[in-house]
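Being a predicted model, the structure only gives us computed values, none of them experimental. Numbers restart at 1 for each chain; the letters A, B, ... are given by sequence-line order, proteins then strands.
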There are 2 protein chains.
Amino acid sequence: MTATTGKAATIKDVAREARVSVASVSRSLNGNGGVTAETALRIRAAADRLHYVPHAAARMLITRRSNTIGALLPDLYGEFFSELIRGIDLAARARGLHLLVSSSHDGAEDAAAALRAMQGRVDGMLILSAHVDAAFLQANLPRSLPAVLLNSAVTSPAYAVLNVDNYAGAYAMVRHLLGAGHASVALIAGPAGNFDAQQRDKGYRAAMAKHAPHAPITVLAGDFSEESGYRAGREVLALRPRPRAVFAANDMMAVGCLAAFKEAGVRVPQDIALAGFDDIPIARYVTPPLSTVRVSIAELGRSALERLAALLEKTEPLPAHADTLGCKIVIRESCGASLIATSIQNILSTSHP
Amino acid sequence: MTATTGKAATIKDVAREARVSVASVSRSLNGNGGVTAETALRIRAAADRLHYVPHAAARMLITRRSNTIGALLPDLYGEFFSELIRGIDLAARARGLHLLVSSSHDGAEDAAAALRAMQGRVDGMLILSAHVDAAFLQANLPRSLPAVLLNSAVTSPAYAVLNVDNYAGAYAMVRHLLGAGHASVALIAGPAGNFDAQQRDKGYRAAMAKHAPHAPITVLAGDFSEESGYRAGREVLALRPRPRAVFAANDMMAVGCLAAFKEAGVRVPQDIALAGFDDIPIARYVTPPLSTVRVSIAELGRSALERLAALLEKTEPLPAHADTLGCKIVIRESCGASLIATSIQNILSTSHP
DNA sequence: GATGCGAACGTAATCGTTTTCATGGGGATT
DNA sequence: AATCCCCATGAAAACGATTACGTTCGCATC
């Protein structure tokens with residue numbers, strides 16, 4: 001045991017201990033050949049004995065790689081956040097990448113500051129933020145830093161984006177409601193500027209146009225909050241004729257809407273059917289359980305990381321730039337469809353305008 | 001504009017541009033004096049012009065500080081996870097620290113590997129993991145790396161630990177149930193090895209001993225899953241005499257238990273009262289809404305980071321080593337207490353054996 | 001006018017790795 | 001037996017910052 005007292009062992013210490021040069025240690029430990037099996041063994045032994053761990057900073061400096069990717073996330077909803085991180089983290093670990101997280105950003109400049117702070121610490125970025133548009137990226141994202149945008153409206157082919165297929169999900173749910181015998185379906189919309197909300201709105205309209213061309217298009221305002229869902233629910237009850245079904249652009253609004261219905265003594269699904277979007281955990285526990293559209297958030301995170309990893313490996317700019325992730329509709333009791341054999345239907349992921 | 005074409009500007013480029021030495025650039029930009037106001041201005045100008053950002057790795061190498069803290073987290077429940085990260089992240093950002101996350105660890109060696117991988121990339125660690133005990137830390141955590149343990153049973157004064165006051169929370173809830181007129185209270189326990197579960201169990205027993213010394217102690221097995229809560233609920237119904245109230249060691253079990261009661265046509269709270277622990281979002285939405293104990297998870301994360309930051313600043317070993325975070329009981333309908341003016345009571349955070 | 005002193009600034013060592021290039025020795029080939 | 005080549009190895013140059021230590025001034029003091 002040679003001087004175990006000092007701080008951390010460096011590559012030099014290992015070299016001395018194994019009686020070779022630092023170059024050999026480096027080569028050997030990094031798996032690049034050029035070392036006798038015997039000396040490799042001696043080196044590994046010395047390394048363990050000294051508890052040698054390569055100094056990350058030194059390696060980063062010379063290698064110009066941090067093996068770290070950054071995730072820039074807004075201040076977002078519980079379940080969504082944790083699932084997303086889980087997906088990213090799992091995929092990252094599988095690839096030996098570290099994950100630097102910066103979440104809870106409110107304003108655009110808040111996000112910009114965070115992005116700048118990550119400069120040089122990460123090899124690539126995963127970005128999910130409402131404030132991020134092409135101009136923002138132009139100004140704050142160095143051209144040399146690969147990035148994947150999640151759920152973004154950015155269309156520039158210069159950036160890789162990955163969206164969940166809100167359109168197809170909404171379309172499928174509305175079609176299901178119509179197919180279950182509800183002749184008219186109203187939509188509780190999400191916030192006007194929100195990309196997801198817009199896509200879901202489009203899906204609703206498309207499904208109505210296709211499968212119930214003569215039914216009225218009814219859209220109530222909402223902002224994804226439970227409160228706004230409650231208000232919209234009361235508006236729905238005041239409508240004449242009253243729609244047979246309500247599709248809320250997210251589950252929280254559906255839950256609020258359900259409260260309004262209960263309060264008014266309107267039964268779900270007998271008097272009016274209800275469906276949401278997201279499949280948050282609460283959806284299963286309200287009474288009646290809420291039919292909804294499930295998005296595999298973890299999958300989104302995983303895919304995003306894989307995509308980014310691909311960008312990191314190739315120096316070539318990759319071809320495909322916009323991708324879409326499918327979702328499933330989950331039929332529970334609130335939509336009044338008698339339970340079919342399979343209560344979950346897959347929706348093909350398709351691209352859409 | 002001098003050679004804006006190249007890759008990233010280094011301190012040398014700035015020095016050349018401002019016609020001073022690199023030492024002056026470093027001093028000036030880092031706020032250490034020794035520079036004329038005039039040259040400082042020239043340097044800053046040159047730096048912006050070149051979009052100079054100091055190379056993190058180079059700085060880390062010489063400084064031996066990464067300004068990054070690592071968070072080692074198990075594979076844990078949605079809301080808890082996101083709130084915890086939020087609290088940590090907010091506090092970290094306020095201090096200019098970065099956050100390196102490694103989550104979803106299952107086994108002890110999984111965690112060990114993650115811990116090792118973070119070596120040298122972080123200045124300190126936040127650790128929350130069931131597999132972490134004193135021996136584990138001894139083996140895998142370098143003595144030189146400051147760390148704060150969250151919700152840990154480790155008692156060694158060598159490590160800083162921060163726990164939520166499960167004991168006081170459980171105690172207060174059970175006392176409340178007894179005070180509300182329910183003469184007997186049964187507990188659905190958590191997994192045997194779990195630290196939180198143990199503390200909640202102790203709180204239950206202490207409250208019973210103190211406020212209902214003659215009532216029987218009834219403990220049903222559970223493992224924090226909804227399923228186990230359902231099973232325990234059925235066991236409760238078979239009990240003779242049937243307890244007047246059930247306290248589940250977490251909300252998910254309470255939800256499962258509630259399902260069992262509903263299925264059997266037993267009304268909550270009229271026939272039997274029910275309470276949980278954690279205040280997960282679902283608790284508000286089940287019917288009837290669930291009384292529970294709220295833990296401010298974000299606060300836990302924030303405190304942990306502050307604590308760690310303190311460790312980082314002082315080289316002195318800090319005195320206090322174990323701390324505890326209070327929680328509140330949240331009274332909703334499931335426990336059958338008529339709603340009092342304030343439905344949330346604060347519980348003083350006290351230390352306990 | 002010589003001396004001392006402090007502020008402003010530059011030179012160079014340093015951090016721990018990777019990587020290029022040179023070197024030497026030991027087969028294999030001729 | 002001479003030549004060639006390959007392969008294991010080592011020496012040293014990067015990488016980009018911080019900082020200890022000199023150096024050069026200008027100015028006040030004696």
Side-chain angles (χ1 to χ4, degrees), chain A residues 3 6-44 46-47 50-68 96 117 119-123 142 144, chain B residues 3 6-44 46-47 50-68 117-123 142 144:
Chain A
K7 286 300 170 188
T10 79
I11 197 174
K12 267 187 190 164
D13 300 325
V14 177
R16 187 174 332 113
E17 181 84 1
R19 293 180 315 175
V20 293
S21 71
V22 293
S24 297
V25 176
S26 175
R27 273 190 292 257
S28 169
L29 260 31
N30 290 333
N32 312 333
V35 199
T36 306
E38 183 206 0
T39 57
L41 216 63
R42 214 166 66 239
I43 289 172
R44 178 152 307 269
L50 269 46
H51 295 103
Y52 169 67
V53 178
H55 195 289
R59 185 182 289 198
M60 274 170 69
L61 180 57
I62 189 76
T63 300
R64 324 212 118 261
R65 271 198 130 231
S66 59
N67 287 318
T68 302
Q119 291 281 7
R121 316 182 81 97
V122 300
D123 297 337
S144 55
Chain B
K7 287 299 169 189
T10 79
I11 197 174
K12 268 187 189 162
D13 301 326
V14 178
R16 189 178 326 116
E17 181 84 1
R19 295 182 313 180
V20 292
S21 74
V22 293
S24 296
V25 175
S26 176
R27 272 191 292 258
S28 169
L29 260 32
N30 289 335
N32 311 334
V35 201
T36 306
E38 183 206 3
T39 56
L41 217 63
R42 214 165 68 238
I43 289 173
R44 178 151 307 269
L50 269 46
H51 294 104
Y52 170 66
V53 177
H55 195 287
R59 187 184 290 206
M60 277 170 68
L61 180 57
I62 188 77
T63 300
R64 325 212 117 258
R65 273 199 127 231
S66 60
N67 288 317
T68 302
M118 286 198 176
Q119 291 281 11
R121 316 181 81 100
V122 300
D123 297 337
S144 55

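Residue Ser21(B) places at least one side-chain N or O under 4.0 Å from the OP1 or OP2 atom of dG10(C). Applying the 4.0 Å criterion to OP1 and OP2 of dT18(C), one finds that Ser26(A) has a side-chain N or O inside that range. Taking only side-chain nitrogens and oxygens, Thr63(B) never comes nearer than 4.0 Å to OP1 or OP2 of dC15(C).
Across Val35(A) and Ser24(A), no two heavy atoms sit closer than the pair CG2-O, 4.4 Å. Between Ala15(B) and Ser21(B), the shortest heavy-atom contact is CB-C, 3.8 Å.
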Could you please spell out the steps behind the side chain to side chain contact (heavy atoms under 4.5 Å, CB included) verdict for Arg121(A) and Thr68(A)?
CA-CA 7 Å; Arg121(A) 316 182 81 97; Thr68(A) 302; over 6 Å; no
Do Ser26(A) and Ile11(A) pass the side chain to side chain contact (heavy atoms under 4.5 Å, CB included) test, and can you show the C-alpha distance, the side-chain angles, and the key distance before you say yes or no?
CA-CA 8 Å; Ser26(A) 175; Ile11(A) 197 174; 3.9 Å; yes
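Taking CG of Asp123(B) as the reference point, atom OG of Ser144(B) lies at 10.5 Å (rounded to 0.5 Å). Once rounded to the nearest 0.5 Å, the distance linking NE2 of His55(A) with CZ of Arg59(A) reads 11.5 Å. Taking CD1 of Ile43(A) as the start and CD of Glu38(A) as the end, the distance is 10.5 Å to the nearest 0.5 Å. Asp13(B) contributes atom CG, which lies 14.0 Å from atom NE2 of His51(B) (distance to the nearest 0.5 angstrom).
At whole-Å resolution of the value, CZ in Arg59(B) and P in dG16(C) are 18 Å apart. When the C1' atom of dT19(C) is taken as reference, atom CG of Asn30(A) falls 11 Å away, rounded to whole Å. Following rounding to the nearest Å, Met60(B) (CE) and dT14(C) (C1') show an atom-to-atom distance of 17 Å.
Remark on DNA chain C: of its neighbouring residues Leu61(B) and Arg27(A), the 5'-side contact belongs to Leu61(B), judged by nearest-heavy-atom nucleotide. Between Ala23(B) and His55(A), the residue anchored nearer the 5' end of DNA chain C, judged by the nucleotide with its closest heavy atom, is Ala23(B).
Arg64(A) comes within 4.0 angstrom of sugar-phosphate atoms only, judged by non-hydrogen atoms across all strands, and of no base.
With sequence neighbours excluded, no residue forms a side chain to side chain donor-acceptor pair (under 3.5 Å) with Arg44(A).
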Short heteroatom pairs, N/O only, protein and nucleotides 6-8 of chain C, under 3.5 Å:
{"unit_1": "dA8(C)", "atom_1": "O3'", "unit_2": "Thr36(B)", "atom_2": "OG1", "d": "3.3"}

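Counting 5' to 3', DNA chain D first comes under 4.0 angstrom of a heavy atom of chain B and last does so at the ends given by dG16(D) to dT19(D).
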